[in-house]
There are 2 protein chains.
Amino acid sequence: MRVVGGLAEGHVTLRDVAERAGVHPATASRALNPETRALVKGATAQRVLRAARSLDYQPNPMARSLKTRRSHTVGMLIPDLTNPLFPPIVRGVEDRLAAAGYVALVGNTDNDEDRARLVLDRMRARHVDGFIMAIAHRSDTLLDRAARARIPIVLVNRVVESNVFPSVSVDNRAGTAMVVAHLAGLGHRRIACVAGPQDLSTGFGRYRGFLEGMAAAGLEVDPSQVVFAESFSQAEGLRCTRELLAAGLGATAVVAANDMLALGVYAALEEAGLRCPADVSVVGFNDMPFIDRLRPPLTSVRFPHYEVGTEAAQLMLERLSHRTSPVKVLYLAPELVVRGSTEPPPAPAAGRQARGRQGTRARRLRAVTSPAS
Amino acid sequence: MRVVGGLAEGHVTLRDVAERAGVHPATASRALNPETRALVKGATAQRVLRAARSLDYQPNPMARSLKTRRSHTVGMLIPDLTNPLFPPIVRGVEDRLAAAGYVALVGNTDNDEDRARLVLDRMRARHVDGFIMAIAHRSDTLLDRAARARIPIVLVNRVVESNVFPSVSVDNRAGTAMVVAHLAGLGHRRIACVAGPQDLSTGFGRYRGFLEGMAAAGLEVDPSQVVFAESFSQAEGLRCTRELLAAGLGATAVVAANDMLALGVYAALEEAGLRCPADVSVVGFNDMPFIDRLRPPLTSVRFPHYEVGTEAAQLMLERLSHRTSPVKVLYLAPELVVRGSTEPPPAPAAGRQARGRQGTRARRLRAVTSPAS
DNA sequence: TTGTAGGCGTTATCAC
DNA sequence: GTGATAACGCCTACAA
């Protein structure tokens, strides 16, 4: 420990501990490592451990990694940390990894294929032991790249058809089916859908859930009442709903593929002079923070974000300890959170229903002629 | 590179590059390192670089760290990543660090002194080159601990009186003063304050800004119209506003020390049957995501979160390259974002003003007798 | 059960 | 300019 005038300079090394305990560094190493402690006599092991504690010995992870070729570091790729979806997932991952002595290196890809490749390479250079990928693009060149390097991979919110990677996802399909069942239960018969991008597994799964939910409720899907957003954004929600309105909104409820789209739906309805939920019910997906503070508070599907993170980390840790364990594909059940944006459809009585729809049409026309923003 | 049947196995090392270029590993090392490249003849350097590129050589950071005792890693301590305040800051830090070949290790302390110490020790064990601390507690044992280890420190949103650490903060004082000026400009004369915890520098600075703003506008501070929250939470905002109401809300505007508190103010006003902004204007601080989607959209002070992160990383990088650079204390100017929650006080005309206040009092009594939640 | 020796991949410090 | 050599701190055959 390079003792200088009784003061500890720099870091305490294994040699210092060994010296203090009066043993050879190799013995100290064995005593300190739980895996090999059995090889050393109980008494000596105790002496070494005491010495280590008294010197506040911390093994140097670089030296250890250099030898063992494991960095105790896991790379985590996400699109963007400032998207409120990800912080809870990241925290879940970090907490679970930390408990096992690992740390996460988080990289933001901004949904950019090239940036993702760059981040991935950087992390490979840092010798991460594995990758947790929460990026949703279906193109698989990245996965190939990592898989070829024989680095363990865990997918988050993304399932590859061949099921060769362990993954943790929320059950998007089941969640959206629940949403439709909820609306059908309220009495809605004509339900529109602002679907997400179909090249993202979330968008795809939720759309499938919509179709299945409609079928299960014995309802027909009107093709003119389904619009596909090109991204999960307010702007796209607004655009899609305008399209719905332009096609003649025959629906009394709109299922949005996520909360951001739902915000756009709100905006479009407001613009068209339609009230939510009195005229149209709206449902989102994700239960984002503060979504309960909107007017009206948005009915949404809660996503166990944090648990998705801890489970993903858990799968990674399993993969890192026994490489042979079978591939697990885990789905976490979502939960429907009913708030003020859904209620029974307007005017169940025939006469009032007719009036209601008449009113809707009139407003629609106004909406169509309003300038696009 | 352990060439086996023409296929690259495992990792390419410096030796492989040297061999390929026909030079000694030491020379290859010098050629590859920009700092020492000048020591090598141009032609040889070129040969080495070509060899490295053709083999796709990636230096092993562990081996390098072991030798240089620098991990190119910076520890970042934050209270909680799921607090929407932090993701943009963290991203700013990560982006700026990444551009310089560093990575951030993020640790969540949950505002817990012990956890913070634990995280800090773990990071020290991983040999981080520096700490960026975005934890706001005023107690300084942690700083001492890190400073004693002679590890560079940069503070975020926190200034130590002695100014011994570089820091980046938003100018809380100026921001709140701006808020008061805005309200005074609208005609408000009696302004209440839901202040933050005074042991946090944010809470302290904003309260000072409130006092200065009032003084600057020539307004008096009514002590009964200032309540101190014990934490930056909706619940505390609610509690404090109830206290304000119980004391007889003489004010026509409430300045909350952050947006979470402002949400609590909204709730309390609603509970008391008071309308915002018709009866009472409300201002928050931070401009959190989606705060513009509230009813009414909250007037708030925008905090250049991302830039705080990049600047903090910048200060750290400067510190890491020239240890001797002078300590910089940086304040970033906030921006007032005026939305629907502020408007001129009700009833400028004498008669209507009296009616208005009468109404307020009646509602207040109802509020006081309502059960606490 | 413990000690010895060599090496993980890199860089710093010598020589040449 | 370049090559040789010795670390950095730890782990692990192998020998004793």
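A, B, ... follow the sequence lines: proteins, then strands. Residue 1 opens every chain. Hydrogens, waters and symmetry mates are skipped; everything else that's a heavy atom, side chains included, is used.
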note = A/H127 NE2 to C/dT10 C1', in whole Å, measures 12 Å
ask   = Among residues 28-54 of chain A, which contact DNA chain C at a heavy-atom distance under 4.0 Å?
value = A/R30, A/L39, A/V40, A/K41, A/T44
remark   = For B/L315 and B/P166, the nearest pair of non-hydrogen atoms, with its separation, is CD1-CB, 4.1 Å
side-chain contact (heavy atoms from CB on, under 4.5 Å) assessment of B/E307 paired with B/T310 = CA-CA 5 Å; B/E307 286 72 18; B/T310 55; 4.2 Å; yes
task = Please state how far atom CD in A/E19 lies from atom C1' in C/dG3, giving the value in whole angstrom units.
result = 16 Å
request  = Write down the distance between CG (B/N60) and P (D/dC8), rounded to a whole number of angstrom.
outcome  = 18 Å
Any donor-acceptor N/O pair, B/D110 side chain to B/D112 backbone, under 3.5 Å = no
request  = Under 4.0 Å between any heavy atoms, over every strand shown, what does A/P25 touch: base, sugar-phosphate, or nothing? Just pick one.
outcome  = nothing
remark   = side chain to side chain contact (heavy atoms under 4.5 Å, CB included) with B/V308: of B/L85, B/L330, B/V156, only one passes, and it is B/V156
query = Does a distance-only test, which skips hydrogens and angles, find a donor-acceptor pair under 3.5 Å between the side chain of B/K67 and the base of D/dA7?
reply = yes
query = When you measure from the side chain of A/R69, which nucleotide among C/dG3, C/dG9, D/dT2 comes out closest?
reply = C/dG9
key: Heavy-atom side-chain contact between A/V103 and B/M123 under 4.5 Å   = no
query = Can you check the B/M62 CE to C/dT11 C1' distance for me, whole Å?
reply = 17 Å
task = Answer yes or no: is there a side-chain heavy-atom contact under 4.5 Å between A/T73 and A/R126?
result = no
message = Of the listed nucleotides (C/dA12, C/dT11, D/dC10), which one gets closest to any side-chain atom of B/A26?
response = C/dA12
Closest approach of A/H72 to A/D129 (non-hydrogen atoms, all atoms of both residues) = N-OD2, 2.7 Å
ask   = Is any side-chain N or O of A/R64 closer than 4.0 Å to OP1 or OP2 of D/dC11?
value = yes
message = Can you confirm whether B/V74 sits close enough to B/V154 that some side-chain heavy atom of one is under 4.5 Å from a side-chain heavy atom of the other?
response = no
Estimated bend of the helix from C/dT1-D/dA16 to C/dC16-D/dG1 (axis per five terminal pairs, rounded to 10 degrees) = 40°
Distance test, side-chain N/O of A/T68 to OP1/OP2 of D/dC11, below 4.0 Å = no
key: A/Y57 side chain near D/dG9 phosphate (N/O to OP1/OP2, under 4.0 Å)   = no
Under 3.5 Å, side-chain donor or acceptor atoms of residues 41-57 of chain B against the rest of the protein: list the pairs with distances, not counting sequence neighbours.
unit_1	atom_1	unit_2	atom_2	d
B/T44	OG1	B/K41	O	2.9
B/R47	NH1	B/A21	O	2.6
B/S54	OG	B/A51	O	3.0

Residues B/L105, A/L105; criterion side-chain contact (heavy atoms from CB on, under 4.5 Å); working and verdict = CA-CA 7 Å; B/L105 255 40; A/L105 254 38; 3.4 Å; yes
inquiry  = Without decimals, in angstroms, what is the distance between A/R70 CZ and D/dG9 P?
reply    = 23 Å
key: Rounded distance in Å - CG (B/L66) to P (C/dG9)   = 12 Å
request  = Please state whether the phosphate of D/dA4, meaning OP1 or OP2, lies under 4.0 angstrom from any side-chain nitrogen or oxygen of B/H24.
outcome  = yes
request  = Could you check which of C/dC8, D/dT2, C/dG3 has an atom nearest any side-chain atom of A/T27?
outcome  = C/dG3
query = In whole angstroms, how far is the P atom of D/dC10 from the CD atom of A/Q58?
reply = 11 Å
